[in-house]
J.: 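The structure is given below, and queries will be raised subsequently.
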Amino acid sequence: MPEFSNSQIAAALEELGDLYELDGAIIHRVVAYRNAAKAVREASTSVAGLARAGRATELPGIGATLQEKIQALVDTGQIPAAEKLRAKFPPGLVAITRLAGLGPKRARMLYDELGIDSLDALRAAIESERVRDLRGFGVKAEENIRAALEAAAAGDGGEVRVVLDRALAIGEPIVAALRADPAADRVELAGSARRWTDSVKDLDVIATAHDPAALAAAFAELGTFERVHSSGPAGARATTHSGLRVDLRIVAPEQFGNLLQHFTGSKQHNMALRDMAVRKGLHVSEYGVLDDATGETRTCATEADVYALLGLAYIEPELREDRGELEVAADGGAGLPRLLEPGELRGDLHCHTIASDGRTTIEKMALAARERGLEYLAITDHSATMGFGNDVAPDELRRQIERVREANAAIEGIELLAGSEVNVLPDGRLDYDDELLAQLDWVIASVHTSFRMPAAEMTARIVAALEHPLVDALGHPTGRKVERRPPYAVDMEEVIAAAARTGTMLEINANPDRRDLDDVHARAAAAAGVPIVIDTDAHWPANFDVARYGVATARRAWLGPEQVANTRPWPELRALRKRARR
DNA sequence: GCCGTTTTCGGCCCGACTGTTTTCAGTCG
């Protein structure tokens, strides 16, 4: 029986929740499965291992029943209840619940009354106008289902998420323009963009204004939009030329804190927050906080007031994911981390030049890094077996080391380090020999080939690289690309344990398309005592500006400056490398 | 199905919108 990963267990629990929902279970039971799936997905250790030891109940939202079901899954490969329900409901039924406007209740009605068990069967029923006669449906419902089916067939039925840098490239200028408008008072980007998630579905902007209608009109007239759906004193709603939906909400100043808190989310954070509030007789919404004791609704001009009113310490937006932040904030807030700030990174340990697939010279990269206030920069072109740009064969690397030393002597104000991003071969070996690696100041090992190896082999391959005495850090550890490519199959718990054991650092690659380690893994790695490095992987001078996405991932991982190695001056960081500690 | 400085049983976030209904269920965020 191959080991189940946390994400596989989480997917099984999600599916079981969906099946119970179709089966008509009370919603709280369904929600319990979804909460459990979230807890499993975000757990910092192997849930399969926990379940086998009978300890999965240590995770929030997992009790005796779910412990038993997870144990059955990891021991036998299946959950009996899921097998039974799968036999009861055809897989096409779940596809129907995914259509816009249709949920489990209505899908079940279609199945029970008309035998509709697939999208094709649903389409046929719509064509023959049989759906309109069902209780709770009508002609309008048929029209909406027809549109949802067409949207699904055209491929735009699914959720389209935009990687954060593209979304901010749209959202930040909108906020700047609105702030500059004479009608505006306060303007803030809210939503998941404010929490710096990897990608977003839409943008939410929250504002106060002394002339709301004028601000909404100014918003509607920005050249950014292909279409403005609505505009009035309460706000406006529009879609950009690139298809991103942007909502502007304008609110009275005394309610600004409530609205900003609500629309910053996350949904999970807000649900847990409201649940905590209810226990104190308080009811939180975007409009205020209703107190059962007085029957009055209090409004808040700032978010800090909202949290204070609930007896909570202020929680930074990046932490609002219901990953334990509320419990810590309720306990006085001393357990909330002092998060890393962008200006605290002193160096960058991963960039490329024309020696491999970068687009400019060592000198130009050095000047760009210095301009951004960095004290040191490692030049880490790809190693010999890479197909990117010019291969850096061993002799070429020797010349590159010389070039770095010369540039370092010529350029004041920044220390240049000779490094390499060395490929980890499928068998775990590196493609330079140790004599050459030992001449480098900094060695990053990365996987760039054979992504589809089985998990056990990939894990062994990466662990072998971590055990190499001259590997200082592992680059983009899971190989994922945000919204484009899932991580390769690898046991990250084992990788993190190996990094901790060997004293190898793990990278948060700041490229917004990577952000790898992700927030969950970075938090687990830091908790295991692994030093984190945040690198831009810059291929061009302007790429150094992506550092903020790496900082954001670190903040979402609860990291402070002491856990991020490149907040230290180079002499201190140099001494942290395992080769210096032997 | 989970959980408890109200509770081991009886709760479980809140509001908007839609379309179908004669007062509300289902879906969505």
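So that the names make sense, note that chain A is the first sequence line, chain B the second, and so on, each numbered from 1. No experiment lies behind these values; they were computed from the predicted model shown.
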J.: Which residue, A/P104 or A/Y33, contacts DNA chain B at a nucleotide closer to its 5' end, judged by nearest heavy atom?
T.: A/Y33
J.: What's the closest nucleotide to the A/K140 side chain, out of B/dG19, B/dG1, B/dA16?
T.: B/dG19
J.: When rounded to the nearest Å, what value does the distance between P atoms of B/dC12 and B/dC17 take?
T.: 24 Å
J.: Categorize A/L134 for me: base, sugar-phosphate, or nothing, with a 4.0 angstrom heavy-atom threshold over every strand shown.
T.: nothing
J.: When rounded to the nearest Å, what value does the distance between C1' atoms of B/dT8 and B/dC2 take?
T.: 12 Å
J.: Which of these passes side-chain hydrogen bond (donor to acceptor under 3.5 Å, both in side chains) with A/D516: A/T553, A/T478, A/N509, A/N511?
T.: A/T478
J.: Using atom types as modelled and distance alone, determine if a side-chain donor or acceptor of A/E325 lies under 3.5 Å from a backbone N or O of A/D322.
T.: yes
J.: Once you apply a heavy-atom cut-off of 4.0 Å, does A/A100 come out as touching a base, just sugar-phosphate, or nothing?
T.: sugar-phosphate
J.: Measure CD/A/E143 against C1'/B/dG19 and give the value in whole Å, please.
T.: 12 Å
J.: Quote, to the nearest angstrom, the C1' distance that separates B/dG10 from B/dG15.
T.: 24 Å
J.: How many whole angstroms separate atom CZ of A/R132 from atom P of B/dG19?
T.: 15 Å
J.: Ignoring backbone atoms, test whether A/H28 places a side-chain nitrogen or oxygen under 4.0 Å from the OP1 or OP2 oxygen of B/dG1.
T.: no
J.: Quick one: is B/dG19 close enough that its OP1 or OP2 comes under 4.0 Å of any side-chain N or O from A/N144?
T.: yes
J.: Do the side chain of A/D518 and the main chain of A/V520 share a donor and acceptor less than 3.5 angstrom apart?
T.: yes
J.: Distance between the P atoms of B/dC28 and B/dT23, in whole angstroms?
T.: 26 Å
J.: Measure the shortest side-chain to side-chain distance between A/V482 and A/S199 over non-hydrogen atoms and say whether it is less than 4.5 angstrom.
T.: yes
J.: Name the closest nucleotide to the A/L66 side chain, picking from B/dC14, B/dG1, B/dC13.
T.: B/dG1
J.: Please report the distance, rounded to the nearest Å, between CG in A/D275 and C1' in B/dT6.
T.: 14 Å
J.: Need to verify one output field. Residue with the more 5' nearest nucleotide on DNA chain B, A/L99 or A/V278?
T.: A/V278
J.: Going by the side-chain hydrogen bond (donor to acceptor under 3.5 Å, both in side chains) test, name the single residue among A/R480, A/R556, A/R161 that passes it with A/D198.
T.: A/R480
J.: Rounded to whole Å, please give me the gap between CD in A/E21 and C1' in B/dG1.
T.: 14 Å
J.: Between B/dT27, B/dC13, B/dC12, which nucleotide gets closest to the side-chain atoms of A/K267?
T.: B/dC13
J.: Describe the nucleic acid contact of A/K69 in one word from base, sugar-phosphate, nothing, applying a heavy-atom distance below 4.0 Å.
T.: sugar-phosphate
J.: Measuring only the P atom in each nucleotide, how far is B/dC24 from B/dT6? A whole number of Å is fine.
T.: 33 Å
J.: Quick one: label A/A64 by what it contacts on the DNA or RNA (base, sugar-phosphate, nothing), any heavy atom closer than 4.0 Å.
T.: sugar-phosphate
J.: Could you work out which one of B/dA16, B/dT20, B/dG1 sits closest to the side chain of A/A141?
T.: B/dT20
J.: Taking CD from A/E142 and C1' from B/dG19, how many angstroms apart are they, rounded to a whole number?
T.: 13 Å
J.: Scan A/R135 against the nucleic acid and name what it touches under 4.0 Å (heavy atoms): base, sugar-phosphate only, or nothing.
T.: nothing
J.: Report yes or no: does A/T240 contribute a side-chain atom to a donor-acceptor pair with the main-chain N or O of A/L244 at less than 3.5 Å?
T.: yes
J.: Touch check for A/H262, heavy atoms < 4.0 angstrom, all strands: base, sugar-phosphate only, or nothing?
T.: nothing
J.: Give the nucleotide from the list B/dC13, B/dG26, B/dG15 with an atom nearest to the side chain of A/R106.
T.: B/dG26
J.: Could you check which nucleotide pairs with B/dT8 in any of the strands shown, counting Watson-Crick or G-U wobble with both distances under 3.5 Å?
T.: none
J.: Does the side chain of A/Y287 get closer than 4.0 angstrom to OP1 or OP2 of B/dC13 through an N or O atom?
T.: no
J.: Base, sugar-phosphate, or nothing: which does A/V30 touch, judged by heavy atoms less than 4.0 Å apart?
T.: nothing
J.: Is A/R274 close enough to B/dC13 that one of its side-chain N or O atoms is under 4.0 Å from OP1 or OP2 there?
T.: no
J.: Taking atom C1' of B/dG15 as reference, at what distance in whole Å does atom CD of A/Q261 sit?
T.: 14 Å
J.: Provide the distance between the two P atoms, one in B/dT22 and one in B/dC13, to the nearest whole Å.
T.: 29 Å
J.: Measure the distance from CD1 on A/I27 to C1' on B/dA25 and round it to the nearest whole Å.
T.: 13 Å
J.: In whole angstrom, give me the gap between the C1' atoms of B/dC9 and B/dG19.
T.: 38 Å
J.: Could you tell me how far apart A/L102 (CG) and B/dG26 (C1') are, to the nearest whole angstrom?
T.: 10 Å
J.: Give the nucleotide from the list B/dT27, B/dC12, B/dC13 with an atom nearest to the side chain of A/K105.
T.: B/dT27
J.: Check whether any side-chain heavy atom of A/K280 lies under 4.5 Å from a side-chain heavy atom of A/M276, and answer yes or no.
T.: no
J.: Look at A/T65 and B/dC2 and indicate whether a side-chain polar atom (N or O) is within less than 4.0 Å of OP1 or OP2.
T.: yes
J.: At 4.0 Å (heavy atoms only), tell me whether A/V289 reaches a base, stays on the sugar-phosphate, or touches nothing.
T.: nothing
J.: Please report the distance separating the C1' of B/dG1 from the corresponding atom of B/dT5, rounded so that it comes out in whole Å.
T.: 24 Å
J.: So do the side chains of A/I116 and A/Y111 get within less than 4.5 Å of each other, counting heavy atoms only?
T.: no
